[in-house]
Amino acid sequence: MRISDPKLVAALPELGIELRPGARMTELTSLGIGGTTDLLRIRRHAQLPELIRRLRDAGIPYRFIGGGTNLLVRDGELPYVVLQLVRPEPDVRLEENFAHVDAAADLGRMVTFCAKHDLGGMEGLIGVPGTVGGALRMNAGAYGTQIGAYVREIQVYRAAAGQMETLSGSQINFEYRHTSFALDDIMLTVKLELPSKPFREILQGIRICNEKRRASQPLNQKSAGCIFKNPPGASAGRMIDGLGLKGHGVGDARVSDRHANFFINAGQASAADMLALIADVRERVRRAHGVELEEEIILWTG
Ligand code: EPU
């Protein structure tokens, strides 16, 4: 979708917002899939309510993107514009055992920064790609660590109410790859409480997780991480692998040879290819195991 209203276009720089017309979602997502739309990059959180108000007045639908690392976007021209927070400098501020982090911060860099200041706990999250905001929305987790466990306070823009709100960690339910945030809540900043740990010890934990990840996941290929959630007590990857589906594909969308719950864009895969592969694998698992796999990735394909 293109913003054509000249008054709105002219107002954007005053709000500290950069307009990138016709941005390619292939470049904004780790899967490298998706069509085009206008991208609005927001430098100042405080201008968000005004921007949303103006978009609503102009009848322009919008969606928010973080790092684009857990997302499958539809092909063609998108029927909405995409908003993204610009990472401020600095993006992490420490105060004793608390880290105040901007939602646009890179998750891995944030974990490393805290580690260098002897704050640990999040070693397992080191190789999870994406922003802190995205990790919060999904309650990202790996190797026994979930980010939700460390959240003490979070500032969100609640689009439904049109206002900023500060929620305490206990007001949010963090479950396996799921949170109680409303779909239109926009993460702005978070306060994490982290246990003190010597840097060398944290580094050792990070190395172990990195090795495990390198050994089992296709890190150098275009993917969105695991496609399906693990069903209770089972592993989606093991089930798909067990059906001999590694390397199976639709167009350039493939089940990874390395980890069967990672689906790869091996070239010029379209969203349609990836969706067809997801549907095909889900159906095969349903027939073989009677289990209906649920997507772990977020779909912007409707
Ligand atoms: N397995 C296979 N074949 C495969 C893949 C896995 O047999 O192709 C087996 C493994 O040998 C292992 C079991 O399945 O015995 C589980 O595999 P793994 O340890 O790789 O973990 P996972 O359950 O597939 C989960 C998360 C990952 C996270 C890892 C490490 C989900 C859906 N996936 O994977 O998260 O990195 O544990 O903690 O919860 C993500 O969220 O995108 C993601 C990649």
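Indexing begins at 1, ligand by ligand and atom by atom, following the structure's order. In this chain, residues are counted from 1 in sequence order. These numbers come from a predicted model, not from an experiment.
Under the 4.5 Å side-chain heavy-atom criterion for grouping Ile, Leu, Val, Met, Phe, Trp and Tyr, Leu275 is not connected to Val73 through any hydrophobic cluster. The hydrophobic clustering, which links ILVMFWY residues whose side-chain heavy atoms are closer than 4.5 Å, places Ile298 and Phe181 apart. Hydrophobic clustering of Ile, Leu, Val, Met, Phe, Trp and Tyr side chains at less than 4.5 Å, counting indirect connections, keeps Leu85 apart from Ile65.
Within ligand 1, counting atoms from 1 as listed, the ones closer than 4.0 Å to a heavy atom of Ser235 are 13 (C), 14 (O), 16 (C). Listed by number with element, the atoms of ligand 1 under 4.0 angstrom from any heavy atom of Tyr176 are 31 (C), 32 (C), 39 (O). Ligand-side atoms of ligand 1 in range of Phe262: 44 (C), range being under 4.0 angstrom from any heavy atom. Heavy-atom proximity to Gly225, at under 4.0 Å, picks out these atoms of ligand 1: 42 (O). Taking every heavy atom of Phe228 and a limit of under 4.0 angstrom, the matching atoms of ligand 1 come to 32 (C). For ligand 1 and Ala260, the ligand atoms under 4.0 Å from any heavy atom of the residue are 4 (C), 8 (O). Using a 4.0 Å cut-off to heavy atoms of Ala142, the atoms of ligand 1 that qualify are 36 (O), 38 (O).
An N or O contact shorter than 3.5 Å links Tyr143 to ligand 1 by distance. Of the polar atoms of Lys229, none of the N or O atoms is found under 3.5 Å from an N or O of ligand 1, judged by distance alone. Looking at ligand 1, you'll find an N or O of Cys226 within less than 3.5 Å of one of its N or O atoms.
The protein heavy-atom contact nearest to atom 23 (O) of ligand 1 is Asn230 ND2, 2.7 Å. Here the protein heavy atom with the shortest distance to atom 13 (C) of ligand 1 is Arg238 NH2, 3.5 Å.
Contact check on Glu95 versus Lys191 returns no salt bridge, with no Lys/Arg side-chain nitrogen under 4.0 Å from an Asp/Glu carboxylate oxygen. Using a 4.0 Å cut-off between charged nitrogen and carboxylate oxygen, Asp241 and Lys246 count as a salt-bridge pair. A salt bridge does not link Asp280 with Arg282: none of the charged nitrogens is closer than 4.0 Å to a carboxylate oxygen. Comment: Glu211 does not engage Arg214 in a salt bridge, judged by the lack of any side-chain N to carboxylate O separation of less than 4.0 angstrom.
Contact annotation for atom 38 (O) of ligand 1: protein present (non-hydrogen atoms, distance under 4.0 Å). Per-atom contact check: atom 10 (C) of ligand 1 does not touch the protein, criterion being a heavy-atom distance below 4.0 Å.
Rounding to the nearest 0.5 Å places OG1 of Thr131 at 8.0 Å from CG of Leu136. Annotation: the span from Asn97 atom CG to Leu192 atom CG amounts to 11.5 Å, rounded to 0.5 Å. One finds the CG atom of Leu72 at 8.5 Å from the OG1 atom of Thr29 (value rounded to the nearest 0.5 Å).
Using modelled atom types, one finds no donor on one side chain facing an acceptor on the other under 3.5 Å when comparing Glu153 with Ser168.
Comparing heavy-atom distances from atom 35 (O) of ligand 1 across Gln217, Met138, Arg177, Lys246 singles out Arg177 as nearest. In this comparison of Asn70, Leu245, Asp241, the heavy atom closest to atom 2 (C) of ligand 1 sits on Asp241. Heavy-atom proximity to atom 20 (O) of ligand 1, evaluated over Glu294, His259, Arg213, Met239, is greatest for His259.
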